Amino acid sequence: MMTRRQFLQNTATCALTAFALPAVGADEAEPGIEILANESIGRISPDLYGHFTEHIGGVIYDGVWVGEGSKIRNYGGIRADLVDSMKRIKPSVVRWPGGCFADSYNWRDGIGPREKRPRRTNFWINDPFLQRAPDGPAKYEPNEFGTNEFMHFCQLIGAQPYLAVNLRGNTARDFDEWVEYCNAPAGQTTLSSQRAANGAPAPFNVRFWGVGHESWGCGGHFTPEESATEFRRFTAWVPSYGLPLDFIGSGPNGGDLDWTRKFFARLTERDHGLLDRVYGWALHYYCGTAGKGDAIDFTVPDWYELLGKAVRMESLITSHWAAMAEVDRKHQVKLVVDEWGAWHRPGTEVAPTYLFGQTSTMRDALIAGLTLDIFNRHADKVAMANVAQLINNLHSLFLAREDKFTVTPNFYVFEMYAAHQGGQSLRTIFNAPALGGEGSTHSLAHLSGSASLHNRRLVLSVVNAHATEPIEVPIAIRGAQISSGSGQVLASSDIHAHNTFEEPQAVQLTEAPVVLKGKTLVHLFPPASVTTLQLQLT
Ligand code: AHR
């Protein structure tokens, strides 16, 4: 059993290599949360709170795009309820148009007068789920939503665009020309004039470009060496129009360290300076029960198993980070976790064409909290993350069908955690018993979370992963004192709770009062909950 002193020493060592929450027994070490106000890990990029939209199932049609003539309230064809809700969570960046769809997309199909745009076969048409579904945009892409519409969506919600480039089917020239269409000054080139004719004279100034996507899979079944060669070719001399472009390489599937090592080695084989071309290294990880577990109907052991899988994100970050360092010794390149979330089997989608359109419950909300806390704790390593996917899909924040719309429990986690954006991530020690998840190989703690400092305001987020037990703990801040505070909590007496069109407020946030006894703060965290506390420091 570890004493408190050993616990502190142990976590200090971990922080140098991998910040893993240690599984400690509670006998000697009293449960508690200790925040080290003077130990910053790094700035929490707002881009950790990014999103992902793909032309798949019901994400774009009719999640995001309902059309200008629609009876559904819209802003230039974009679902107004979605825009209004997104503004509440300060979305920093949105990735588009895929996913695997990006690997078959030609951006030219999605510009110009909508009635003249070609209809194409959607990448996902062969998925068995769609064989049974009626025909529609999930199978046959109408291209009504293209580059200009996506940029308009980003402008409406105040997010930066992040475009995924088709490296499987298009050429490097197509890529250069998409950059030109988006970023060339008005009136200077035929493509920038086309952009103006399509309603957008000012450049879109797109900074983030994903050069390749899942190149190990639907993006071309490349070897890591081939993928690095293609990345080098595509990123050579791309016109920048005075805006530094941030290229994101197609990284590994989960724990495939071999992919990371071989890509970096091949990329730099003749010129180590080519590391400068890589802003981010895209890691994809879904904590899945794909094909197995139901999104809504699950047992308590299923709960622990999936939460245990979710926290594997931490070791994926630290292990890829270490593998990258074998070539990138100064850690120029950061991780971009541009697809993450829980993946359940079909059956809870709100429309028959909504491929992967699962309904999220409290379990998914806790997965969101656990994952965002991991990103915060690794703010020095992770530059961006994009939850998959925004609406009507895996781990979504929203469900929509025709004029019906609801937020899911995941939305509330993003709403609470928006307060972390831009703060200094602080080293925080959660001393709490480990929860052994059956079948789980990863250490899930009763309590975990993250903290960030914004001048004298501290934001603390805490997940109580226990399905049934509340836990009350003292919260100590080393190097500062709390003068006042407020809090919010997402909790339900039912771990399966979720919002529906009929009951859109079955799960919602409630206030979590902060009660100070003198200078001491003791807080009760309900079972299966996500809490954020905002504490004013003196
Ligand atoms: O998010 C659904 C799919 O999962 C994406 O298209 C693909 O990138 C991933 O494998």
Side-chain angles (χ1 to χ4, degrees), residues 50-61 63-64 94-105 120-130 133 137-139 141 145 150 162-169 208-222 227 248-256 259 280-292 295 309-310 313 316 335-346 348-349 353-360 364 367-368 371 384-399 408 410:
H51 300 274
F52 169 37
T53 53
E54 177 173 1
H55 290 241
I56 180 175
V59 177
I60 298 297
Y61 313 102
V64 178
V94 185
R95 178 171 177 250
W96 175 84
C100 296
F101 175 85
D103 302 320
S104 68
Y105 184 61
R120 304 281 186 209
T121 305
N122 185 286
F123 171 90
W124 292 100
I125 193 160
N126 289 339
D127 191 282
F129 175 90
L130 287 176
K139 289 180 172 178
E141 171 60 50
F145 189 87
F150 175 65
Y162 166 18
L163 297 181
V165 173
N166 179 355
L167 184 138
R168 176 177 72 104
F208 297 121
W209 296 87
V211 183
H213 154 268
E214 296 195 351
S215 295
W216 37 264
C218 59
H221 294 287
F222 291 115
S227 174
I248 292 148
S250 173
N253 182 16
D256 185 357
W259 181 272
W281 183 232
L283 163 67
H284 289 185
Y285 176 57
Y286 291 96
C287 59
T289 55
K292 189 159 85 93
K309 285 182 179 168
M313 182 65 84
L316 290 176
L335 282 159
V336 168
V337 188
D338 59 14
E339 290 188 29
W340 68 268
W343 194 321
H344 311 294
R345 74 173 174 223
T348 61
E349 58 280 348
T353 54
Y354 288 6
L355 175 63
F356 307 152
Q358 60 200 29
T359 295
S360 287
D364 301 291
I367 289 169
T371 307
M384 189 200 290
N386 309 73
V387 59
Q389 300 195 18
L390 184 67
I391 182 165
N392 292 336
N393 201 263
L394 310 168
H395 215 120
S396 291
L397 281 71
F398 310 99
L399 297 176
T408 73
N410 302 328

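Index from 1, following the sequence. Both ligands and their constituent atoms are indexed starting at 1 by order of listing. Being a predicted model, the structure only gives us computed values, none of them experimental.
- Taking the side chain as every heavy atom from C-beta outward, Leu397 and Val387 approach each other to under 4.5 Å.
- Considering both main-chain and side-chain atoms, Cys100 comes within under 3.5 Å of ligand 1 through a nitrogen or oxygen pair.
- Within ligand 1, counting atoms from 1 as listed, the ones closer than 4.0 Å to a heavy atom of Glu214 are 7 (C), 8 (O), 9 (C), 10 (O).
- Here is the list of ligand 1 atoms found below 4.0 Å of a heavy atom in His213: 7 (C), 8 (O).
- Side chain of Gln358 to backbone of Ala342: a donor-acceptor contact under 3.5 angstrom is found.
- The closest protein non-hydrogen atom to atom 6 (O) of ligand 1 is Glu54 OE1, 2.7 Å.
- Taking atom 2 (C) of ligand 1 as the reference point, the nearest protein heavy-atom neighbour is Gln389 NE2, 3.5 Å.
- Atoms of ligand 1 found under 4.0 Å from any heavy atom of Leu394 (numbered from 1 in listed order, with element): 1 (O), 2 (C).
- Heavy atoms of Trp124 found under 4.0 angstrom from ligand 1 belong exclusively to the side chain.
- Taking the ring centroids of His55 and Trp96, they lie under the 6.0 Å cut-off.
- Using a 4.5 Å heavy-atom cutoff, the side chains of Leu316 and Leu283 are in contact.
- Ligand-side atoms of ligand 1 in range of Gly99: 5 (C), 6 (O), 8 (O), range being under 4.0 angstrom from any heavy atom.
- Of the polar atoms of Tyr286, at least one N or O is found under 3.5 Å from an N or O of ligand 1, judged by distance alone.
- For Trp124 and Phe101, the gap between ring centers reaches or exceeds 6.0 Å.
- For Tyr162 and Asp338, the side-chain atoms include at least one donor-acceptor pair closer than 3.5 Å.
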Derivation of the side-chain contact (heavy atoms from CB on, under 4.5 Å) call for Tyr354 and Leu399:
CA-CA 10 Å; Tyr354 288 6; Leu399 297 176; over 6 Å; no
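- Under a 3.5 Å cut-off, the side chain of Asn392 and the backbone N or O of Gly357 do not form any donor-acceptor pair.
- Residue-to-ligand polar distances keep Trp343 apart from ligand 1: every N/O pair is separated by 3.5 Å or more.
- Among protein heavy atoms, the minimum distance from atom 7 (C) of ligand 1 is reached at Glu339 OE1, 3.3 Å.
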